[in-house]
Amino acid sequence: MTPELQAMLDQLDAIRREGEAVASGLTDSQFNWQPGPGRWSIAQCLNHLNVGLAMVLPAFDRAIATGRDQGRTSPGPFRYGWFSRLAVASMEPPPRWRMKTPMKKSAGTTHRAADVLAEFARLRDQLAERVRKADGLDLARIRTISPVNRLVRLPLGAYFHFILAHDRRHLWQARQVRASAGFGA
């Protein structure tokens with residue numbers, strides 16, 4: 001496995017642990033508590049991540065299959081262009097600027113912690129499976145088309161990095177909810 005892909009798997013392990021930690025010991029009421037009007041709860045942050053990742057997994061499957069079919073292999077290391085680097089950097093926490101999500105309804109309203117956390121772990125396991133399947137492929141030359149905006153096409157490796165950064169961004173947001181004044185009252 002390439003060092004880049006192994007680093008992604010390590011990040012996924014950390015993300016899975018952080019998802020569990022941010023919701024650890026919370027009642028469903030606390031899990032769904034919102035720090036203010038229009039601000040997301042921990043449940044909404046994690047559910048948004050689940051919905052987004054579930055949408056993108058088929059795009060990863062298509063990109064991996066196309067890369068294999070076309071024989072696009074490389075041992076790396078991989079370099080990504082300025083747009084890819086900017087897209088990934090824009091997702092890293094803490095946010096430099098707030099963004100409106102094109103998937104507003106993905107947060108949902110109220111959720112059971114046990115359900116959201118089980119799905120969170122299951123989907124990250126599925127992402128890890130895709131990362132492993134991408135081993136040996138040219139992560140910089142295989143394009144992945146975003147299911148959210150078909151105009152956004154990132155190299156497979158950059159899209160993996162983008163999703164991991166997106167997870168970290170919303171886990172950071174969930175941590176901020178837990179640290180908010182009035183939380184748990």
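- For the atom pair CE (M91) and CZ (R96), the distance works out to 10.5 Å, reported to the nearest 0.5 Å.
- The nearest pair of heavy atoms linking G157 to Y80 is CA-OH, 3.2 Å.
- The minimum heavy-atom distance linking L156 with A134 is given by the pair CD2-CB, 4.0 Å.
- A distance-only check finds a donor-acceptor pair linking the side chain of Q34 to the backbone of R39 [under 3.5 Å].
- Under the 3.5 Å distance criterion, with hydrogens and angles disregarded, a donor-acceptor pair is assigned to the side chains of R124 and N50.
- Smallest separation of non-hydrogen atoms from A158 and S84: CB-CB, 3.7 Å.
- Two residues are said to be in side-chain contact when any heavy atoms from C-beta on lie closer than 4.5 Å; I15 and R168 meet this criterion.
- Relative orientation of the F160 and F60 rings is tilted, given thresholds of 30° and 60° on the angle between their planes.
- Taking CG from D61 and CZ from R130, the interatomic distance works out to 4.0 Å, rounded to the nearest 0.5 Å.
- Atom CZ of R85 and atom CZ of R79 lie 6.5 Å apart (nearest 0.5 Å).
- When all heavy atoms of E4 and F78 are compared, the closest pair comes out as OE1-CD1, 3.2 Å.
- Between the CG atom in L171 and the CZ atom in R16 there is a gap of 12.0 Å [rounded to 0.5 Å].
- What you find for H111 and Q44 is that their closest heavy atoms are CD2-N, 4.4 Å.
- Here side-chain hydrogen bond (donor to acceptor under 3.5 Å, both in side chains) pairs that include residues 174-183, with residues two or more places apart or in two chains, are E18-R175.
- In terms of hydrophobic clustering, with Ile, Leu, Val, Met, Phe, Trp and Tyr side chains grouped at heavy-atom distances under 4.5 Å, F162 and I64 are assigned to a common cluster.
- Linking ILVMFWY side-chain heavy atoms closer than 4.5 Å, directly or via other members, places L5 and L57 in a single hydrophobic cluster.
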Show me, pair by pair, the donor-acceptor contacts under 3.5 angstrom made by side chains of residues 20-29, not counting sequence neighbours?
from: T27; atom 1: OG1; to: S29; atom 2: N; distance (Å): 3.4
from: T27; atom 1: OG1; to: Q30; atom 2: N; distance (Å): 3.0
from: T27; atom 1: OG1; to: Q30; atom 2: OE1; distance (Å): 3.4
from: D28; atom 1: OD1; to: A113; atom 2: N; distance (Å): 2.9

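- Relative ring orientation between W40 and H48 is described as tilted, the plane-to-plane angle lying within the 30° to 60° band.
- We find the CG-CZ distance between L139 and R72 to be 12.5 Å, quoted to the nearest 0.5 Å.
- A salt bridge does not link R132 with D135: every distance from a Lys NZ or Arg NE/NH1/NH2 to an Asp or Glu carboxylate oxygen is 4.0 Å or more.
- Residues E119 and R122 approach most closely at OE2-NH2, 2.7 Å, considering heavy atoms.
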Using the rule given for side-chain contact (heavy atoms from CB on, under 4.5 Å), can you reason through D13 versus R17, listing the C-alpha separation, both sets of side-chain angles and the distance that settles it, and then say yes or no?
CA-CA 6 Å; D13 285 340; R17 286 190 309 272; 3.6 Å; yes

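- The CG atom of L53 sits 10.0 Å away from atom NE2 of H166, with the distance rounded to the nearest 0.5 Å.
- Side-chain contact between P94 and W172 is present, with at least one heavy-atom pair separated by less than 4.5 Å.
- Without hydrogens or angle criteria, T66 side chain to A63 main chain gives no donor-acceptor distance under 3.5 Å.
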List the atom pairs, with distances to 0.1 Å, where a side-chain N or O of residues 141-149 and a protein N or O form a donor-acceptor pair under 3.5 Å, not counting sequence neighbours.
from: S146; atom 1: OG; to: V148; atom 2: N; distance (Å): 3.1
from: S146; atom 1: OG; to: N149; atom 2: N; distance (Å): 3.1
from: S146; atom 1: OG; to: Y159; atom 2: OH; distance (Å): 3.4
from: N149; atom 1: OD1; to: L151; atom 2: N; distance (Å): 2.9

